[in-house]
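Below is one structure, written out as structure tokens; the observations come after it.
Every number for a ligand or one of its atoms is a count from 1 in the order of the listing.
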Amino acid sequence: MQFLTCFPRALWLLSCGIVATAQVDYSRYVNPFIGAEGPLPGQGYGGGDIFVGGARPFGVAKVGIDTTAANWSVAMLNGGWTPDGSVTAITMMHESGTGGAPKYGIIPQMPLTSISPPVNILDNLTYSQPRIGQDTASVGYFRTQLQNGVQIELSASRHAGIMQYSFPQGEKHVLVDISHYLPGSPFDPNGQFYIGGEIQLYESGQSYSGYGTYIGGWNNGAPFTVYFYGEFNTVPDAARVFRGPNTDPMRGSQGLANGQPSFPAYDSSTEKQSSGPMNDRVGAVFSWNPDAETRFTSRVGISFISVEKAQSYIRSEIPSWALIDTVESAVKEWNEDVFSKIQVPLDDTANLTNVRLLYSSLYFIHLTPSDRTGENPLWESDEPSWDDFYTLWDIFRCTVSFYHIFQPAYYESMVRGLIDIWRHQGFLPDGRSGNWNGLVQGGSNADNVLADAYVKGLRGAINWTDGYAAMKTNAEKVPYNTYDPTDLTASTKEGRGALVDWLELGYVSQDRSTRCISRTVEYSLNDFALSQVAAGEMPEDRATYLRRSAGWQKIWNPEVESLGFTGFLAPRFSNGDFNNSGYDPLYCYECEWHAYTYEGVPWEYSFVIPHDMETLINLMGGPETFESRLDLMFKPNTSVQELGPNGAGITTLMNIGNEPDFATPYLYNYINKQYKSVQRSRELAYQYFHDAPNGLPGNSDAGAMNTWLLWQMLGVYPLVTTNVYLLVSPWFPDLNMTINGDKNLRVLATGLEEGYFVQSIRINGVLWEKNWFEHEDVMVDGGVIEFELGAEMKIWEVGNVPPSLGHVEL
Ligand SMILES: *[C@@H]1O[C@H](CO)[C@@H](O)[C@H](O)[C@H]1NC(C)=O
Ligand SMILES: *[C@@H]1O[C@H](CO)[C@@H](O)[C@H](O)[C@H]1NC(C)=O
Ligand SMILES: *[C@@H]1O[C@H](CO)[C@@H](O)[C@H](O)[C@H]1NC(C)=O
Ligand SMILES: *[C@@H]1O[C@H](CO)[C@@H](O)[C@H](O)[C@H]1NC(C)=O
Ligand SMILES: *[C@@H]1O[C@H](CO)[C@@H](O)[C@H](O)[C@H]1NC(C)=O
Ligand SMILES: *[C@@H]1O[C@H](CO)[C@@H](O)[C@H](O)[C@H]1NC(C)=O
Ligand SMILES: *[C@@H]1O[C@H](CO)[C@@H](O)[C@H](O)[C@H]1NC(C)=O
């Protein structure tokens, strides 16, 4: 694959150069393939699972190719694009960076040069196309060459896509199979399925419309329906609808024809096909005269509301048939809305690798969630509507804090959208996709998101009375059990599945609940989050939730020993006894839904108490023991737990490839040894983040990984649910960032050429002696942080260590 630096950027520059010479095309620095591969070249396994294709910031449409699994045991189809699979379709909706069973990959087109046997248009494996050469992508543009000779180029607006096909001489067809979706692997317990649809042709097949309905995917979503309107810029010479039995094996249900592919029945007597009583597969084939080489273009709009709305998006968002117009408009939108808000030197002195990492990271954190305002089919509301929180478990740790300062308008809208979900559906989501809450991997982390927004002063049109009530629902109301096969013990859909334990015992028990350690850790922070918002909204609640936020201390077992250290979070029975038989905090006992800890081992989770580091350091034996224990987290060849794609290639206990450890490298600030935070985090960034396809340590997780790197480059790290930021060490000599709408945060660094260790810091001109600051210091009205850097690993800070705002002595 290659990322494009000449076309269409050059054209954008050309068109802008005339009006405003000052505009810079930052999109040229975006490498849309970062995270496209894992450690094994040419394979997606262990990689970022990213979406590659046409998209807008937080847009609904993410237009790109879907591919087959070359080998299911190492396949990751989640973003649609894979390095090695064969193309099955171009579809309108995707997620980016997710694991688990895929979601979306729907509303397709597939250019084919034959539809005769052995091709069966209801069996993608008979027509899927390997790709020739390398795919090309840049912001708002994607191109691929199929083995059948067809070249596909595409771009997207917020709710529509444009595809340009260049066919060789010979047969020319475009298949629209409404029953297409991104499948889960045969081992996925929660793959998605097509459950019905309709297609109707107009004007001899020059346009078509209809809907498709799909169910499932990783979040076990209920059926949702997407309407579409598609059109071609040339009238096809023939267009036929078809229908065929729906034979996909659906978990837990009987299928038709034993899962064997079915065959289509064409019906030339009608221009419409509906799934009918047996949820048949439906679609259409559009064909053009074989004589000449042909290039033609198609536009497709989508809507959760109606065909009319889908059509209207084409008219308002892609008025031109020229692909370049949409590409240019995408580049312009990304530059204006995202990239131009951060400026670093781009002259000869610039390290372009770092510049590319910067703008690419900004790109990837704006692919999800999706702004579905005006596209909510479920309830009438004046509130904005957002979907594809995939998931808050991933993005609460530092992504939302970035949105807060960088995209305050979008962020306020997002928070309002979250609260409106509670208002109309009873619970805030932790994950949400396809208009459906699910899954909850640990705590109810929307609590952390709301608290982070609240303590940093986000108000606007947010109804915080309702916001706090929504958090309180998480903290007090047991969600009904959804009997998810991945974990039958309690709800995985929303809320806190182990709340019964939490309310009664103050911790999550080993015998009555799953994920007892990681859920205790997360519920503790969730309740701290409640105490933070209660302080303003319901002061009488504050003490209660603060006390509850110390629940993690109840599962601290001072007798557990591991690698020379004593005292760890440990499984505890509901009768109050610890289970001391054979427990080893180096293992999580599968790390999944039935484990003690989710996607990480207790060694890691034992550091994840951001609201009360003071107590944690005491329990670990004081600052010196804490320091050597933290050091051990970074020792190679220490990890013994197999973490699958969540730990690909990582041998330290510290796993930067997974979110729970995001703050761990920065914890040296709590013992006033900030230079070690700089050292650890910088080493991790250099080792695992690259301007290359294998440039991420695992799934990008909806941009969570990319945001970790962004904060690292800024030289600060936010402590979620508090107004505190830790000071680290910036990567650029000068950086301006538009924050809080129209304010400027400037981060200056001298001495970068000598080293990256802090020698001194000034904030707004004042010598800063502590290694942290508060939101109000520079994030509200803007300000300047000046770092004096150098080679000396220096203890420069003398002030108080960062506060433990949730400090509680039980
Ligand atoms: C291909 O089609 C079959 C039959 O509909 C389906 O089961 C499978 O999931 C599809 N595979 C891909 C990669 O789309
Ligand atoms: C699929 O990948 C697995 C894991 O790498 C490997 O063991 C297996 O041989 C592969 N199967 C095929 C058919 O290549
Ligand atoms: C940041 O802003 C200041 C003040 O406007 C300006 O002097 C400086 O050149 C800017 N730096 C960059 C990298 O754009
Ligand atoms: C740019 O920075 C990277 C670290 O991200 C470093 O490895 C590389 O050597 C630098 N390149 C130049 C030309 O200084
Ligand atoms: C917040 O919403 C509730 C109803 O959900 C309403 O009663 C209340 O007036 C709203 N508060 C504000 C400030 O709008
Ligand atoms: C105690 O923990 C060990 C090791 O994790 C486990 O094998 C055992 O089943 C647990 N005992 C009970 C009674 O749950
Ligand atoms: C880690 O183990 C590998 C394989 O046993 C070995 O090659 C490597 O040198 C070890 N690294 C360290 C830092 O001990």
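With rounding to the nearest 0.5 Å, the separation of CD in Q343 from CE in M737 is 11.5 Å. Here OH of Y668 is found 12.5 Å from CD1 of I795. Values are rounded to the nearest 0.5 Å.
In the vicinity of F573, heavy-atom distances shorter than 4.0 Å reach the ligand 6 atoms 12 (C), 13 (C), 14 (O). Taking a cut-off of under 4.0 Å to the non-hydrogen atoms of Q510, the atoms of ligand 6 that pass are 10 (C), 12 (C), 14 (O). Those atoms of ligand 6 with a heavy atom of N579 less than 4.0 angstrom away are 1 (C), 2 (O), 3 (C), 8 (C), 10 (C), 11 (N), 12 (C), 14 (O). In summary, the atoms of ligand 6 found under 4.0 Å from a heavy atom of S581, numbered by their order in the structure, are 1 (C), 2 (O), 3 (C), 4 (C). Counting the atoms of ligand 3 from 1 in the order shown, those under 4.0 Å from a heavy atom of V344 are 13 (C).
A salt bridge links E504 and R512; the closest N-O separation between the charged side-chain nitrogens and carboxylate oxygens is under 4.0 Å. One finds no salt bridge joining R519 and D501 here, because no Lys/Arg side-chain nitrogen approaches an Asp/Glu carboxylate oxygen to under 4.0 Å.
Closer than 4.0 Å to atom 5 (O) of ligand 6 lies at least one heavy atom of the protein. Distance check on atom 9 (O) of ligand 4: every protein heavy atom falls at or beyond the 4.0 Å cut-off. Within the 4.0 Å cut-off (strictly below), no protein heavy atom is located near atom 13 (C) of ligand 4.
Here the two rings, on Y686 and W731, have centers that are under 6.0 Å apart.
At under 3.5 Å, not a single nitrogen or oxygen of N744, backbone or side chain, sits near a nitrogen or oxygen of ligand 3. Checked by distance only, ligand 4 and N354 come closer than 3.5 Å through their nitrogen or oxygen atoms. Every N/O-N/O distance between Y583 and ligand 6 stays at or above 3.5 Å.
For the side-chain contact (heavy atoms from CB on, under 4.5 Å) test with F406, the passing option among V338, I739, T738 is V338; the others fail.
Scanning the protein for heavy atoms near atom 1 (C) of ligand 3, the closest one is N736 ND2, 1.5 Å. Distance from atom 2 (O) of ligand 4 to its nearest protein heavy atom, with residue and atom name: N351 ND2, 2.3 Å.
Residue contact annotation: Y587 has no non-hydrogen atom under 4.0 Å from ligand 6.
Geometric assessment of R356 against the ring of Y29 yields a negative cation-pi assignment under the 6.0 Å and 45° thresholds. A cation-pi contact, defined as under 6.0 Å to the ring centre and within 45° of the axis, links R682 to Y756.
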